[in-house]
Amino acid sequence: VSRETMDLLGGIADMVVAQSAHQNLISAATIDHIWARHIADSAQLLTMVTGAPNGLWMDLGTGAGFPGIVIAALDPARRVLLVESRRKRIDFLKEMIDRFGLANASVFGGRLETLPAQKAAIISARAFAPLPKLFDVAHRFSGNGTVWLLPKGRSAREELESVAQTWQGMFHVEQSVTDPEAAIIVARDVQRKRTR
């Protein structure tokens, strides 16, 4: 990436670290490793969207802005919607968007269940909810060709097994490049299985 983009990502990292003294944005154990654990961990998702429609990227439970803010910084041509329900984090995300001039990013402050229906090209969710609940509450934002990018820890394969009876689609697990014990579930054409 360009030096300008690196400076932007550095500013984001610095702001998250500074704000973490006032609210629990990221684990204290990861502050010294923010570039690997949060910035690069978010950025790697862009390598997994080849062939995805060039529409809205919806990031559920954005929290400190990962991966949504990083995606907005790295892909300024793509509209990114950050969904967050906690008031202090909503305010923080809006402040970051304003400070760094991320005109392609916006925040929906509220519970996902209250977000008006719209179709997303990409849905990401990092530690938002277990897979069965995530698909239940977020599937209405998924259309033909929507790509789901779901960073998980060691539980990725187990979580996929937990939805095998109720959901179908094209699922695979990608190894995280930032954590040898973590994986990312990549899903397309997710549909609820018809009951007979």
Side-chain angles (χ1 to χ4, degrees), residues 1-50 52 54 56-86 88-109 120-129 134 147-156 173-186:
V1 298
S2 69
R3 176 176 291 277
E4 182 181 44
T5 302
M6 286 300 290
D7 288 346
L8 172 57
L9 293 172
I12 289 168
D14 291 346
M15 194 168 168
V16 170
V17 170
Q19 183 64 26
S20 291
H22 306 289
Q23 59 172 308
N24 185 25
L25 289 177
I26 59 174
S27 162
T30 68
I31 287 178
D32 289 341
H33 311 285
I34 191 168
W35 276 93
R37 291 293 297 277
H38 299 288
I39 304 293
D41 191 64
S42 297
Q44 71 177 318
L45 298 184
L46 278 171
T47 67
M48 300 173 192
V49 297
T50 317
N54 192 27
L56 173 67
W57 185 309
M58 187 180 289
D59 186 35
L60 310 180
T62 300
F66 305 120
I69 285 283
V70 173
I71 299 304
L74 291 172
D75 191 357
R78 185 183 291 276
R79 195 163 64 90
V80 180
L81 178 62
L82 313 173
V83 180
E84 177 56 51
S85 62
R86 291 163 285 190
K88 287 175 76 173
R89 295 190 183 190
I90 294 164
D91 293 342
F92 175 67
L93 292 169
K94 289 179 176 178
E95 185 181 346
M96 276 206 292
I97 287 168
D98 289 344
R99 178 175 297 183
F100 299 113
L102 299 172
N104 60 321
S106 59
V107 180
F108 174 79
I122 298 163
I123 297 173
S124 58
R126 187 183 189 214
F128 176 75
L134 173 61
V147 177
W148 299 69
L149 299 173
L150 311 172
K152 298 286 181 182
R154 303 171 189 164
S155 67
V173 177
E174 291 277 347
Q175 175 66 48
S176 170
V177 299
T178 60
D179 181 350
E181 296 191 352
I184 297 129
I185 295 173
V186 181

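Throughout, numbering of the chain's residues begins at 1 and tracks the sequence.
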Check step by step if side-chain contact (heavy atoms from CB on, under 4.5 Å) holds for V49 and D75.
CA-CA 12 Å; V49 297; D75 191 357; over 6 Å; no

Do Q175 side-chain atoms and P180 backbone N/O form a donor-acceptor pair below 3.5 Å?
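Yes: the side chain of Q175 pairs with the backbone of P180.
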
Acceptor/donor pairs from residues 31-44 side chains to any protein atom, 3.5 angstrom cut, sequence neighbours excluded:
unit_1: H38; atom_1: ND1; unit_2: R126; atom_2: NH1; d: 3.3
unit_1: H38; atom_1: ND1; unit_2: R126; atom_2: NH2; d: 3.4
unit_1: H38; atom_1: NE2; unit_2: T30; atom_2: OG1; d: 2.9
unit_1: D41; atom_1: OD1; unit_2: Q44; atom_2: NE2; d: 3.0
unit_1: D41; atom_1: OD1; unit_2: T178; atom_2: OG1; d: 2.7
unit_1: D41; atom_1: OD2; unit_2: R126; atom_2: NE; d: 3.3
unit_1: D41; atom_1: OD2; unit_2: R126; atom_2: NH2; d: 3.1
unit_1: S42; atom_1: OG; unit_2: H38; atom_2: O; d: 2.7
unit_1: Q44; atom_1: OE1; unit_2: V177; atom_2: N; d: 2.9
unit_1: Q44; atom_1: NE2; unit_2: D41; atom_2: O; d: 3.3
unit_1: Q44; atom_1: NE2; unit_2: S176; atom_2: OG; d: 3.2

If you take all heavy atoms of K152 and I185, which pair is closest and at what distance?
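That closest heavy-atom pairing would be CG-CD1, 4.0 Å.
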
Check M58 against A120 and note the closest heavy-atom contact, atom names and distance.
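Residues M58 and A120, closest heavy atoms: CB-CB, 3.9 Å.
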
As an exercise, state the distance from [atom1] of [X] to [atom2] of [Y], rounded to the nearest 0.5 Å.
| X | Y | atom1 | atom2 | value |
| --- | --- | --- | --- | --- |
| L9 | E4 | CG | CD | 11.0 Å |
| L93 | S106 | CG | OG | 11.0 Å |
| I69 | I97 | CD1 | CD1 | 4.5 Å |
| L60 | F108 | CG | CZ | 11.0 Å |
| E95 | R89 | CD | CZ | 15.0 Å |
| I122 | N54 | CD1 | CG | 8.0 Å |

Decide yes or no on side-chain contact (heavy atoms from CB on, under 4.5 Å) for I71 and D59, but give the supporting numbers first.
CA-CA 9 Å; I71 299 304; D59 186 35; over 6 Å; no

Step-by-step side-chain contact (heavy atoms from CB on, under 4.5 Å) determination, L102 to V80
CA-CA 10 Å; L102 299 172; V80 180; over 6 Å; no

